[in-house]
Amino acid sequence: MTAAKARAVRFDRYGGRDVLYVADIEMPSPEAGEVVVEVRAAGINPGEAAIRVGALEEMFPTSFPSGEGSDLAGVVTAVGPDVTEFAVGDEVMGFSLRRSSHATHTAVPVGQLIRKPRELTWAAAGSLYVVGVTAYAAVRAVDPRPGETVAVSAAAGGVGSLVVQLLVLRGAVVLGIAGPRNADWLRNHGVIPVPYDRDMRALAQRLRQASPDGIDAFIDLFGPDYVQLAVDLGVAPERIDTIISFQKAAEVGARTEGSAEASTPEVLAEMAGLVATGAIDFDVAATFPLDRVADAFALLEERHTHGKIVLLPTSSE
């Protein structure tokens with residue numbers, strides 16, 4: 001890579017992990033209101049895999065060649081005209097809405113960045129955005145009050161592990177639906193584990209046993225069967241939120257608040273502060289160099305990893 005070049009993940013058609021490659025690109029230049037960030041860390045997310053295979057084409061149309069990536073953290077290397085919020089050398093974290101964070105450098109509007117807390121590692125800072133603001137929005141949507149019981153599907157996943165901790169901080173009684181191997185982690189974070197079951201009737205019975213006085217709210221992070229389960233358990237539709245099951249939510253009148261409703265620097269700063277102070281745990285499961293982006297997605301798509309999977313385009317962390 002020459003001084004005038006950056007490197008970025010690209011794909012030229014929809015497909016599996018084999019369509020991903022890393023290309024030399026022109027070094028980004030900041031326009032008015034932007035800075036260029038040398039990316040030290042960039043999380044990967046299931047939504048990026050879904051976009052790459054074409055599953056979200058109607059919602060997120062793609063032109064080729066396409067970049068990818070939303071989460072990022074890094075160091076400012078250039079500032080655009082009239083930018084006063086940041087200077088060259090500042091450590092920042094935030095998000096790209098241009099699918100451009102899986103790269104060594106990217107231009108980002110200053111309204112999508114905050115200063116990185118010193119207490120956060122690059123890997124944590126660079127992978128907090130999507131899961132952090134999504135969890136914040138989902139909890140806000142069901143508005144739990146102290147003592148209320150809230151059930152959460154996929155409770156030990158990337159978003160779920162933050163959702164349950166936010167609920168506990170708000171004083172809710174939390175039922176975390178997850179595989180048995182996650183039970184200890186859930187208990188250690190103040191959550192009542194409820195073992196996952198493919199049979200929704202069996203799972204409903206387990207939830208009723210765990211909360212004989214009923215369930216006040218339900219957050220679905222996995223699929224439409226859980227929205228129906230919440231309805232069957234007597235949860236009011238306005239106290240059900242799903243970040244994935246949009247059609248089912250429309251059928252029953254449930255909420256669909258997620259990252260789109262909370263993608264602000266203020267929300268990200270609040271979540272970063274909670275992680276930086278240790279109020280909530282944020283786990284990084286694995287890191288990969290940019291050239292191994294396909295391997296990173298292979299691990300993600302196994303769907304058994306607890307914690308974030310992160311690319312480190314220019315970091316030795």
Side-chain angles (χ1 to χ4, degrees), residues 42-48 70-73 92-97 101 111-117 119-120 123-146 148 150-178 186 189-191 216-222 226-227 230 238-246 249 254-284 306-308 310:
I44 68 172
N45 297 284
E48 290 147 7
S70 300
D71 298 332
L72 65 92
V92 297
M93 59 184 287
F95 54 98
S96 167
L97 298 179
S101 71
Q112 294 165 209
L113 296 170
I114 63 171
R115 296 185 183 277
K116 182 183 85 70
E119 299 85 352
L120 292 187
S127 57
L128 180 60
Y129 158 64
V130 168
V131 292
V133 302
T134 303
Y136 184 99
V139 171
R140 182 177 62 185
V142 302
D143 191 24
R145 291 176 284 279
E148 287 192 321
V150 185
V152 181
S153 62
V159 177
S161 60
L162 296 183
V163 164
V164 296
Q165 291 182 80
L166 290 174
L167 290 168
V168 169
L169 285 177
R170 293 184 64 158
V173 177
V174 185
L175 307 180
I177 304 167
L186 291 169
H189 289 81
V191 180
D216 300 291
F218 200 112
I219 295 175
D220 164 49
L221 309 174
F222 193 82
Y226 288 94
V227 176
E238 64 271 17
R239 301 296 304 280
I240 303 170
D241 187 68
T242 178
I243 68 167
I244 192 170
S245 308
F246 305 119
R255 297 178 180 272
T256 57
E257 295 185 24
S259 62
E261 287 73 29
S263 288
T264 68
E266 293 80 13
V267 170
L268 181 59
E270 183 173 343
M271 292 299 298
L274 289 171
V275 176
T277 60
I280 60 176
D281 288 337
F282 185 70
D283 299 323
V284 173
H306 177 79
K308 290 296 294 181
V310 186

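Using a cutoff of 4.0 Å between basic side-chain nitrogens and carboxylate oxygens, E148 and R239 are scored as salt-bridged.
You'll find the side chain of M271 reaches within 4.5 Å of the side chain of L166, heavy atoms only. Here the side chains of V163 and V174 are not in contact, with every heavy-atom distance at 4.5 Å or above. Taking 4.5 Å as the limit, every side-chain heavy atom of K308 sits out of range of all side-chain heavy atoms of L128. Contact check for F222 versus I177: no side-chain heavy atoms found under the 4.5 Å cut-off. In this structure the side chain of F218 never reaches within 4.5 angstrom of the side chain of V142, judged on heavy atoms. The closest side-chain heavy-atom distance from S70 to Y129 is below 4.5 Å. Between L72 and S96, the closest side-chain pair of non-hydrogen atoms falls below 4.5 Å. V131 has its side chain within reach of F282: a pair of non-hydrogen atoms, C-beta onward, lies under 4.5 Å apart.
Atoms CG and CG, from D216 and D143 in turn, are 11.5 Å apart once rounded to the nearest 0.5 Å. R255 contributes atom CZ, which lies 11.5 Å from atom CD1 of I219 (distance to the nearest 0.5 angstrom). Atom-to-atom distance recorded for L162:CG and H189:NE2 is 10.0 Å, nearest 0.5 angstrom. Between the OG1 atom of T264 and the OH atom of Y136 there is a distance of 7.5 Å, given to the nearest 0.5 Å.
Shown here for A230 and I240, the closest heavy-atom pair between the two residues is CB-CD1, 3.6 Å. Counting all heavy atoms, side chain and backbone alike, P117 lies closest to M93 at CD-SD, 3.8 Å. Of all non-hydrogen atoms in V267 and A262, the two that sit nearest each other are CB-O, 3.4 Å. Taking all atoms of both residues into account, the shortest heavy-atom contact from P144 to V150 is CB-CG2, 4.0 Å. The two residues G258 and E261 have their closest heavy-atom pair at N-OE1, 2.7 Å. Minimum interatomic distance between G190 and V168 (heavy atoms only, all atoms of both residues): O-CG2, 3.8 Å.
With sequence neighbours left out, the side-chain contact (heavy atoms from CB on, under 4.5 Å) criterion links T134 to V130, V159, I243, S259.
Between the side chains of D71 and S101, no donor N or O sits under 3.5 Å from an acceptor N or O.
Within the 3.5 Å criterion, the main-chain N or O of F95 finds a donor-acceptor partner in the side chain of Q112. Between the side chain of D241 and the backbone N or O of E257 there is at least one donor-acceptor pair closer than 3.5 Å. In this structure a side-chain-to-backbone donor-acceptor pair under 3.5 Å is missing from E270 to E266.
A side chain to side chain contact (heavy atoms under 4.5 Å, CB included) with V191 is found for one member of V173, V164, V152 and no other, namely V164.
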